[in-house]
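Step one of this worksheet: look at the structure below.
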Protein chains: 2
Amino acid sequence: MDSLRRSSLALLFFLLFSFCVSSSAAKFNIPRLRTRPRTIQNEPILMSASESKDYKTFLYTQPLDHFNYRPDSYKTFQQRYLINFKYWDGANTSAPIFVLFGGEESIDYDRDINGFLPENAPHFKALLVYIEHRYYGKSVPFGTKEEAMKNASTLGYCNSAQAIADYAAVLLHIKQKYSAEKCPVIVIGGSYGGMLASWFRLKYPHIALGALASSSPILYFDGVVDPQVGYYTIVTKDFKETSESCYETIRKSWGEIDEVGSRPNGLSILSKKFRTCNPLNSTSELKDYLDSLYTDAAQYDEPPKYPVSRVCGAIDGAEGTDTLDKIFAAVVTYMGNTSCYDMKEFGSPTSTFDMFTWQVCTELVFPIGHGHNDTMFPLAPFDLSSFSKTCEGLFGVQPKPHWVTTYYGGQDIKLILHNFASNIIFSNGLRDPYSSGGVLKNISDSVVALNTVNGSHCLDILPAKESDPLWLIMQRKAEVEIIEGWLAKYHADLLEFEDETRARSQELE
Amino acid sequence: MDSLRRSSLALLFFLLFSFCVSSSAAKFNIPRLRTRPRTIQNEPILMSASESKDYKTFLYTQPLDHFNYRPDSYKTFQQRYLINFKYWDGANTSAPIFVLFGGEESIDYDRDINGFLPENAPHFKALLVYIEHRYYGKSVPFGTKEEAMKNASTLGYCNSAQAIADYAAVLLHIKQKYSAEKCPVIVIGGSYGGMLASWFRLKYPHIALGALASSSPILYFDGVVDPQVGYYTIVTKDFKETSESCYETIRKSWGEIDEVGSRPNGLSILSKKFRTCNPLNSTSELKDYLDSLYTDAAQYDEPPKYPVSRVCGAIDGAEGTDTLDKIFAAVVTYMGNTSCYDMKEFGSPTSTFDMFTWQVCTELVFPIGHGHNDTMFPLAPFDLSSFSKTCEGLFGVQPKPHWVTTYYGGQDIKLILHNFASNIIFSNGLRDPYSSGGVLKNISDSVVALNTVNGSHCLDILPAKESDPLWLIMQRKAEVEIIEGWLAKYHADLLEFEDETRARSQELE
């Protein structure tokens, strides 16, 4: 277990990228879903055989469409979920159920990189449940992944509202199956999975008592937060705070890349300098690659290795004064010293698509761009019209950028929710670029924000490590204490409620 | 205006009916949507030309399907809504917006029978908005009503989740159009429309500050309340409390109808005795008719005429001792003395269907039956299996009786919502049979139940009359005061919120 806990962790999240850095007009970009590459901060994640035997796999027959009654809505698919019964004190004591909401990955992956559930289960005597998100992993409608991803007619059922309705149905099924109707459910998720967790507490309070939403940018939609001060502002801040000269070097590198690229044989010079596996076809290929590398380092800027520090250490420490040599030194440090570097390492947003590209192209429209000219990236604001055009080209349907705020809200969130809703923890690490779309202030006594100044993406729910700094240990401790408070209040309410019910039925006798 | 206010009112609600009373096995029945027949308590509803000119009609282009991204989901239809600007103090003072949620009728009808909005608008300086429910009135997808009602593929988009998503989209549109983003919205509805109002406050608290849900049986699903003690228990109680002998006469009449009907020429004897417009084909036709008459009288047992008292007065006061003569006297009193009585007056549940039959056959599965043998009706409990079979025969799709509680909750509502949610009034009249599925106890300080012992269905939101009893006047007054409290708190919060925002932006300068 310790080795697992010690292994540093990738977190399932989309990294955005592929901005056009050669002109001030924004090219298409999609915040990407992807498993992180095996870079310096990624050690392999393996669950030992003795641990994985504690998890039982189940399938639930889920309707394709919860919100209509068309004949096609009644089609079903098999949704996978895992249960670990090892620590549960059972229904008789109304012991809690901790549920990890799958995000845009297989549930095996989500389980393997999560530390919060297994580490806290013994203390809470909790049942552990992990539910896979529709269309991911093995929970795929229409028989095969290929069929499910065929076109918008089959993809069309993949969205957050259907996903949390799935989770509602599975949880009611589990509660009934184990006579656990009175067992309080705490839902937990990171990044997109955390958005689902907080939205679930808002939409299905009768099923989940509370939610822990780690690094969940639920406000990153439809102009709720200023899109000019967003993801790339934080990436820049991370680098600038780490090293002003590193920030300056990166800032001026884009122009140098363009300058070299525009020379005769310029692309081949760049290909050679950056040791690319294939000859570059454009400077954008290289710039997109570097953009992704910097954002990756910032988003997962975790202790004890702090990738941004290492990248900047390489840049600042490189011999000579050539800007592009310094940048290449960063590549070698971050990606490891290999014979060549694959410019498609971080994915290619427009050539192929994956399920999460579908989701960001329809419902989850994050207006992420290089919005301010004081970032270390060339100006290239998010452009909805070109974004929509590309999405339509990929899928034949248009994004609906207003739907998330229509369905889930977000505007004036404190005014709205401080007198409505309860029991949500929004945790963020402020070095995480996605914290720019997070809830960073307390909304009420029980809808609270837990930020760490030096934290990165989803750090709090990753497995604990011996090297964890005190501030991270304290953040996790605070989360546990808040959840203890919710459960204590629930159990007191439940007693009172049962007393009332008993008194009422005695009256009737 | 006064004449309108004085006119007694039909309320848009389904009356259930058509129970088999000839055997202990339940036949299929559907709680029916229908405009009430012109019986004694129904005076014509007319809005004067001078009043109706205050209402402007608008159309909003609404997507057919909010919850998927299939190409078909992007189809649109024109949704109708009405606005009365006359009383509004405007966006500058954040004056409130009162919204009537259309139920299963045209919005003209819903507007015409509502008194709460126009009567309280001057005091609150409120904008009045009335939104028509999809598939009703003129807000019909697929071009024509005929096309929309063709089969489950076109009907499939008609349900409560889509309807409240429509309302959310229209309200955000209105707020934006009139720069009314900070104007608090209070949603109001009666019966099914009231269910939508309370569900809307739960699902879209960022759009509606509060809800007044009049006579809304949101707990009448999936075993939340004991289906054995439901609608027909209250009908029976209403009659029994009014007159024990009346109750006894009705109770024994079913057997007599069957006895007479089983004689040679029995049906023609009954046809003659009950002056039916067409010869009876079975005793069920007559019994269904009487069942509907009694439930109609109970549901709309309004002051000052109290139809149940009149029905019982006729039964108890009839000359002679013949049970069926007494029952016929009730028919004459309730329906008026006419040359013949149409046994299809209250509709025929299985021969044709209307939109609300679709809704109860898919999503809104009310398990209403003659559940106890101490009702004045023959035992005939609700039978899900035969109900489902009939629905499948009508539409080709199965009911989903668990969905309402999965999506909206209902179980342990006090335990769940007292620490979540705010600002909902559940008003009920306890003589209304649907109050058996209503929220009759306070859930928290601001999620409250306002019951009147002698009230009937939706009485509180009908136009005020000079003859209104004190308890009704007090119920309405309590509603107004509670809403005043919500608005006062909101405006105080808003000031604080704006001060905070101002302070923050000054900090940044």
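Chain naming here is simple, since letters A, B, ... match the order of the sequence lines and numbering starts at 1 in each.
- Side chain to side chain, A:Arg70 and B:Thr154 fail the donor-acceptor criterion of an N or O pair below 3.5 Å.
- A donor atom on one side chain and an acceptor atom on the other are found under 3.5 Å apart for B:Asp65 and B:Gln162.
- Identified by a heavy-atom distance below 4.5 Å to chain A, the contributing residues of residues 178-187 of chain B are B:Lys182, in residue-number order.
- The ring pair (Phe, Tyr, Trp, His ring centres under 6.0 Å) check on B:Tyr60 picks up B:His173, with sequence neighbours excluded.
- Your options are B:Asn423, B:Ile416, B:Asn151, and the one with the most heavy-atom pairs under 4.5 Å with chain A is B:Ile416.
- Proximity to chain A (any heavy atom under 4.5 Å) is shown, for B:Leu209, by neither the backbone nor the side chain.
- Taking each heavy atom of A:Val447 and A:Phe426 in turn, the nearest pair found is CG1-CE1, 3.9 Å.
- Distance alone, capped at 3.5 Å, places no donor-acceptor pair between the B:Arg134 side chain and the B:Gln62 backbone.
- Among the candidates B:His402, B:Gln411, B:Lys400, the residue making the largest number of heavy-atom pairs closer than 4.5 Å to chain A is B:Lys400.
- Salt-bridge check for A:Glu147 with A:Lys150: passed, with a basic side-chain N closer than 4.0 Å to an acidic carboxylate O.
- Only the side chain of B:Ile207 comes within contact range of chain A, judged by heavy atoms closer than 4.5 Å.
- Only the side chain of B:Ala161 comes within less than 4.5 Å of a heavy atom of chain A; its backbone N, CA, C and O stay farther away.
- Between B:Asp222 and B:Thr405, the side chains place a donor N or O and an acceptor N or O closer than 3.5 Å (distance only, hydrogens not considered).
- Chain A forms more heavy-atom pairs under 4.5 Å with one residue of B:Asp412, B:Leu494, B:Leu172, B:Leu417 than with any other, namely B:Asp412.
- Of the two parts of B:Tyr157, the backbone and the side chain both hold a non-hydrogen atom closer than 4.5 Å to a non-hydrogen atom of chain A.
- B:Phe142 does not carry B:Lys75 over the face of its six-membered ring by the limits of under 6.0 Å from the centre and within 45° of the normal.
- For B:Asn419, the parts lying under 4.5 angstrom from a heavy atom of chain A are both the backbone and the side chain.
- Annotation: ring pair (Phe, Tyr, Trp, His ring centres under 6.0 Å) contacts of B:Trp403 (sequence neighbours excluded): A:His66, A:Phe67, B:Tyr407.
- For A:Ile164, no part lies under 4.5 angstrom from a heavy atom of chain B.
- Residue with the most contacts toward chain B among A:Ala421, A:Ser446, A:Ala168: A:Ala421 (heavy-atom pairs, distance under 4.5 Å).
- Contact count against chain A (heavy-atom pairs under 4.5 Å) is highest for B:Tyr74 among B:Phe497, B:Tyr74, B:Tyr490.
- A salt bridge (charged side-chain N to carboxylate O under 4.0 Å, His left out) check over residues 492-501 of chain A, counting only residues at least two apart or in different chains, returns the pairs A:Lys489-A:Asp493, A:Asp499-A:Arg502, A:Glu500-B:Lys414.
- Checked against a 6.0 Å centroid threshold, the rings of B:Tyr69 and A:Phe395 do not count as neighbours.
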